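As the structure is a prediction and not an experimental result, all values here were calculated from the model. Below, read A as the first sequence line, B as the second, and so on, with proteins coming before strands; counting in each chain starts at 1. Side chains are part of it too, since the values below use all heavy atoms of this structure and drop only hydrogens, waters and symmetry mates.
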Amino acid sequence: MTNPAQSAVLSLEFPDGSVRDFEAGTSGLQIAEGISKSLAKKSVAYALNGDLKDLAEPVEHSGKIEIVTRADERALELIRHDCAHVLAEAVQELWPKTKVSIGPVIENGFYYDFDRDEPFTPEDLEVIEKKMRQIIARNDSFTKEVWSRDDAKAYFEKTGETYKVELVDAIDADQNLNIYKQGEWLDLCLGPHGPSTANVGNAFKLMNVAGAYWRGDSDNQMLSRIYGTAWADEKQLKNYLFMLEEAQKRDHRKLGREMDLFHFQEEGPGVVFWHAKGWRVFQNLVNYMRRRIEEHGYDEVNAPQILDKALWQTSGHWDWYRENMFTTVTEDDRQFAIKPMNCPGHVQIFKNGLRSYRELPVKMAEFGNVHRYEPSGALHGLMRVRGFTMDDAHVFCTPEQLEDECLRINDLILTTYADFGFDNIVVKLSTRPEKRVGSDEVWDRAEAIMQKVLDEIEADSEGRIKTEPNPGEGAFYGPKFEYVLRDAIGRDWQCGTTQIDFALPERFGAFYIDQNSEKQEPVMVHRAICGSMERFIGILIEHYAGHFPLWMAPVQAVVATITSEADGYGEKVAEALRDAGLHVETDFRNEKINYKVREHSLAKVPAIIAIGAREADQGTVSIRRLGSKNQTSMTLEEAVSSLSDEAVAPDIRRKKQARADRN
RNA sequence: GCUGUUGUAGCUCAGGGGUAGAGCACUUCAUUGGUAAUGAAGAGGUCGGUGGUUCAAUUCCACUCAACAGCACCA
């Protein structure tokens, strides 16, 4: 699609700032060749004003041009996309009756959805991969053709590609379609693609097979999806596979069992049996959060677990959320629901009695135990459960206080994450969805305030916190911030959230009395930091790979004796540590020290304190820290003081430090 | 919820129409040892549940529950 008004000369600016003129119609490849043969060989595409284009495509207009080589991050997208096409060709070459549908690039790889009578097996994947390597070795060029809609439709109808016909139908009537060919095989595709199938290289792997709905709609037919990963070189592929392996090793379900933290069983799908050690971790986290919210001026409350249906009708949950609620009918035929959220309860507490503007902001927190009937397929260890505890809070304030409150919440959230070693945070601003309550005017005002807060968050963080818009993803009752943290192996988790609510105070008729003795509706802010405590602990287990910092660890030290003669002294050591507030276990079993060290290391106990005759004589201890192969000898007093110092929670340490700095 | 896979001892797993096996863990005994598995013996199972086929089912079939992977969902 050339612009006839365009001049016959293109003026292109290169990344080094130089500007050169080219004849109209010059292709990206010709430009690369003009620079150097070796560049042309390495290049896979070009970017015009940042948009990726096929190398063979003529440059359409003047602008900034970059030749994209394989080493460029953007080349990955092409490699993956090319790989998806190669996958589809391989599958159709092996099983010609298979229909193709779509094959997009995703994070770390790509997939392609097929319609085939039988599902693919893991053995099939090996066969397909072999065929793919053959296709890559053939080195067929990717060539683009522009077809008319009618031609494309006729072709796909003839070949029985019903899904492609549907895709063609979905494209605007006046628009032509791109067809990408590789050898004999072709696909409807937006592009761009690399120069040839060889561009895919060898650093790819088919990962797994799964069902997926046609066009992502659960009313549609289920297709067979093959997932693959593809990278620019073997090293990147290896790193990725290593990360997956590492994730598997850290799986909180596995570590939870090995560390004796919790379990699940058939009778309670999606609800956690917390064991003593897991519950201690849980309480460590709750206690930490309790101190933090107190520091930030919240009052902790506790609202009922079960409330009459009428209340949920008023809150709107009965209409919006009913299929996700656990309900119960009592002997007298009264219907109740187990709370899926804490907000209606908190509004009742706010409403009890008359509120003055002088009280605002009212900051009400609860470690609220909620139950939600999640779809069975969504359950996943601690990460997605049907019964969980939220570190929930609601701030009732005036519109004028909103900005300040959002910033304070932001401060609380970010410092909390930092205390657990999460320093790579993205804050997203989710704005009005299509289906919503409240006037546009109200949304305008709220979004403007939140955008301002977002800008301040980014500015204050000095580049550490990234922010992103998330248009259309807000809740129906108001815009929200979503806090996404990145764990130690690079995975992202959305945990915290700050949500403005226009609906609930009005629904319940909550108000305060302002300076002029008039009723005013408060603004309500919902906020959570960990989100679900259960899930947050799951994330922490995987983030730390089970190696909790001392202040979080359920068992902080084990005193293990080498000979039974040291048991008496061992008991004394354990007592001294317990007196200092540490959780200590003793292991006086008739076993060798090797055996004990192995066992407690596998149980991820942070400190193993070995006691033999020597230590008993000298009043010392020998400490072996988790992850280390060495041990350190010190006096009992030194051990007590260094371990108890290390076990101080980060927030308490911060306060101590601040106090010391003041003096 | 949908598709696919799986369900045998506390854990990891083998087996297979004639009512079950290994390693680790557990218990007992011996061993008192110096930083990731001391040795021996013993105990441990309605083979996820219900129904069907069969002389006989843990094994085959149907249904069901749960888990796993992905999709959909997460207001």
Side-chain angles (χ1 to χ4, degrees), chain A residues 106 111 113 118-122 207-227 248 251 253-254 257-258 260 263-270 315-325 340-341 343 372-381 383-386 388 433 435-437 473-478 480 482 494 497 499 501 503 526 531-532 535 558 560-567 588-603 605 608-615 622-633:
Chain A
I106 51 172
Y111 65 78
D113 286 348
E118 315 160 47
F120 295 100
T121 65
M207 304 302 288
N208 53 340
V209 194
Y213 301 109
W214 166 234
R215 306 194 130 184
D217 186 335
S218 56
D219 291 332
N220 285 342
Q221 179 168 6
M222 179 75 74
L223 304 174
S224 287
R225 174 172 298 179
I226 297 179
Y227 281 93
Q248 225 168 37
D251 191 319
R253 293 167 297 186
K254 177 171 161 276
R257 189 171 51 237
E258 287 170 5
D260 194 17
H263 85 269
F264 290 92
Q265 66 187 50
E266 283 200 15
E267 294 85 345
S315 72
H317 288 86
W318 202 259
D319 294 331
W320 284 85
Y321 202 63
R322 189 169 168 193
E323 69 276 17
N324 285 298
M325 285 160 77
M341 289 181 130
C343 25
R372 301 177 180 181
Y373 189 77
E374 301 284 1
S376 58
L379 302 179
H380 181 92
M383 303 303 191
R384 189 85 179 263
V385 286
R386 286 184 176 155
F388 61 99
K435 215 176 153 192
R436 59 178 183 266
V437 298
E473 293 297 314
F476 72 89
Y477 48 74
K480 59 184 180 186
E482 286 171 5
Q494 199 233 298
T497 174
Q499 313 185 354
D501 190 340
H526 307 245
S532 147
R535 177 165 172 270
V558 166
T561 46
I562 296 166
T563 77
S564 54
E565 279 159 30
D567 288 358
F588 297 162
R589 290 176 303 172
N590 181 8
E591 292 292 350
K592 291 191 171 176
I593 192 65
N594 288 323
Y595 182 91
K596 296 183 181 182
V597 165
R598 176 182 152 81
E599 194 157 287
H600 302 303
S601 297
L602 287 174
V605 175
I608 299 171
I609 300 177
I611 303 290
R614 199 160 63 223
E615 284 76 13
S622 163
I623 303 187
R624 178 182 167 125
R625 296 304 300 263
L626 183 58
S628 162
K629 282 193 170 13
N630 308 314
Q631 54 262 220
T632 328
S633 186

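- Using a 4.0 Å heavy-atom cutoff across all strands shown, A:Leu223 reaches no nucleic acid atom at all.
- Comment: A:Arg589 engages A:Glu599 in a salt bridge, judged by a side-chain N to carboxylate O separation of less than 4.0 angstrom.
- Residue A:Lys596 is tested with A:Thr561, A:Ile562, A:Val558 for a side-chain contact (heavy atoms from CB on, under 4.5 Å); the sole match is A:Thr561.
- Between the P atom of B:U35 and the CG atom of A:Leu626 lies a distance of 18 Å, rounded to the nearest Å.
- A:Arg384 places a side-chain heavy atom less than 4.5 Å from the side chain of A:Glu374.
- Taking atom C1' in both B:U59 and B:G45, the straight-line distance is 16 Å, to the nearest Å.
- Regarding A:Ile562, its CD1 atom lies at a distance of 15 Å from the P atom of B:U32, rounded to whole Å.
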Across nucleotides 69-75 of chain B, 5' to 3', mark each nucleotide with B, S or - according to how protein heavy atoms within less than 4.0 Å reach it. SBBBBBB
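- Note on A:Ala613: a base of the nucleic acid sits closer than 4.0 angstrom, heavy atoms only.
- Relative to the side chain of A:Tyr595, the nucleotides B:A36, B:U32, B:U38 differ in distance, and B:U38 lies closest.
- Between A:Met325 and A:His317 there is a side-chain heavy-atom pair separated by less than 4.5 Å.
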When every nucleotide of nucleotides 40-49 of chain B is labelled 5' to 3' by its protein contacts under 4.0 Å (heavy atoms), B for base, S for sugar-phosphate only, - for none, what sequence of letters results? ----------
Taking Watson-Crick (N1-N3 plus N6-O4 or O6-N4) and G-U wobble (N1-O2, O6-N3), each under 3.5 Å, can you produce the dot-bracket string of RNA chain B? Use [ ] for crossing pairs and | for inter-strand ones. (((((((..((((....[..)))).(((((.......))))).....(((((..]....))))))))))))....
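- Regarding contacts with the backbone of B:U12, a side-chain N or O of A:Arg257 is found under 4.0 angstrom from either OP1 or OP2.
- Taking atom CZ on A:Arg625 and atom C1' on B:U35, their separation rounds to 15 Å, with Å as the unit.
- A residue-by-residue look at A:Ser628 and A:Thr561 shows that A:Thr561 has its nearest nucleotide of RNA chain B further toward the 5' end.
- To the nearest whole angstrom, the two C1' atoms, one in B:C13 and one in B:A25, are 14 Å apart.
- The separation between A:Ile226 atom CD1 and B:G4 atom P is 16 Å, rounded to whole Å.
- Checked against side chain to side chain contact (heavy atoms under 4.5 Å, CB included), A:Thr563 has the following partners two or more places apart in sequence or in another chain: A:Glu565, A:Ala566.
- Rounded to the nearest Å, the gap between the P atom of B:C63 and that of B:U12 is 28 Å.
- Atom-to-atom, CZ of A:Arg598 to P of B:U35 comes out at 16 Å; the value is rounded to the nearest Å.
- Side chains of A:Arg624 and A:Val597 form a contact here, defined as non-hydrogen atoms less than 4.5 Å apart.
- Between A:Gln631 and A:Tyr373, the one whose closest nucleotide on RNA chain B sits nearer the 5' end is A:Tyr373.
- Nearest heavy atoms, A:Ile608 versus A:Ser601: CD1-OG, 3.7 Å.
- Rounded to a whole Å, the CG atom of A:Asp113 is 14 Å from the C1' atom of B:C2.
- Going from the P atom of B:A72 to that of B:C60 covers 34 Å, rounded to whole Å.
- Residues satisfying the side-chain hydrogen bond (donor to acceptor under 3.5 Å, both in side chains) test with A:Arg372, not counting sequence neighbours, are none.
- Among residues two or more places apart in sequence or in another chain, the ring pair (Phe, Tyr, Trp, His ring centres under 6.0 Å) test is passed with A:Tyr227 by A:Tyr111.
- Rounded to a whole angstrom, the distance from the P atom of B:G1 to that of B:A43 is 44 Å.
- A donor and an acceptor atom sit less than 3.5 Å apart, one in the side chain of A:Glu615 and one in the base of B:G34.
- What separates CD1 of A:Ile608 from P of B:G34 is a distance of 16 Å, to the nearest Å.
- In this structure, the nucleotide among B:G1, B:A66, B:U35 sitting nearest to the side chain of A:Ser376 is B:G1.
- Annotation: A:Glu323, atom CD; neighbour count of heavy atoms from other residues, nucleotides and ligands within 6.0 Å is above 12.
- Taking 4.5 Å as the limit, some side-chain heavy atom of A:Phe264 sits within range of a side-chain heavy atom of A:Val385.
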Can A:Tyr477 and A:His526 be said to form a ring pair (Phe, Tyr, Trp, His ring centres under 6.0 Å), step by step? CA-CA 11 Å; A:Tyr477 48 74; A:His526 307 245; 5.3 Å; yes
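- Summarising the geometry, the separation between CD1 on A:Ile611 and P on B:G33 is reported as 16 Å, rounded to the nearest angstrom.
- A:Ser622 comes within 4.0 angstrom of a nucleotide base, judged by non-hydrogen atoms across all strands.
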Would you check, one step at a time, whether the test side chain to side chain contact (heavy atoms under 4.5 Å, CB included) holds for A:Ser622 with A:Thr632? CA-CA 5 Å; A:Ser622 163; A:Thr632 328; over 6 Å; no
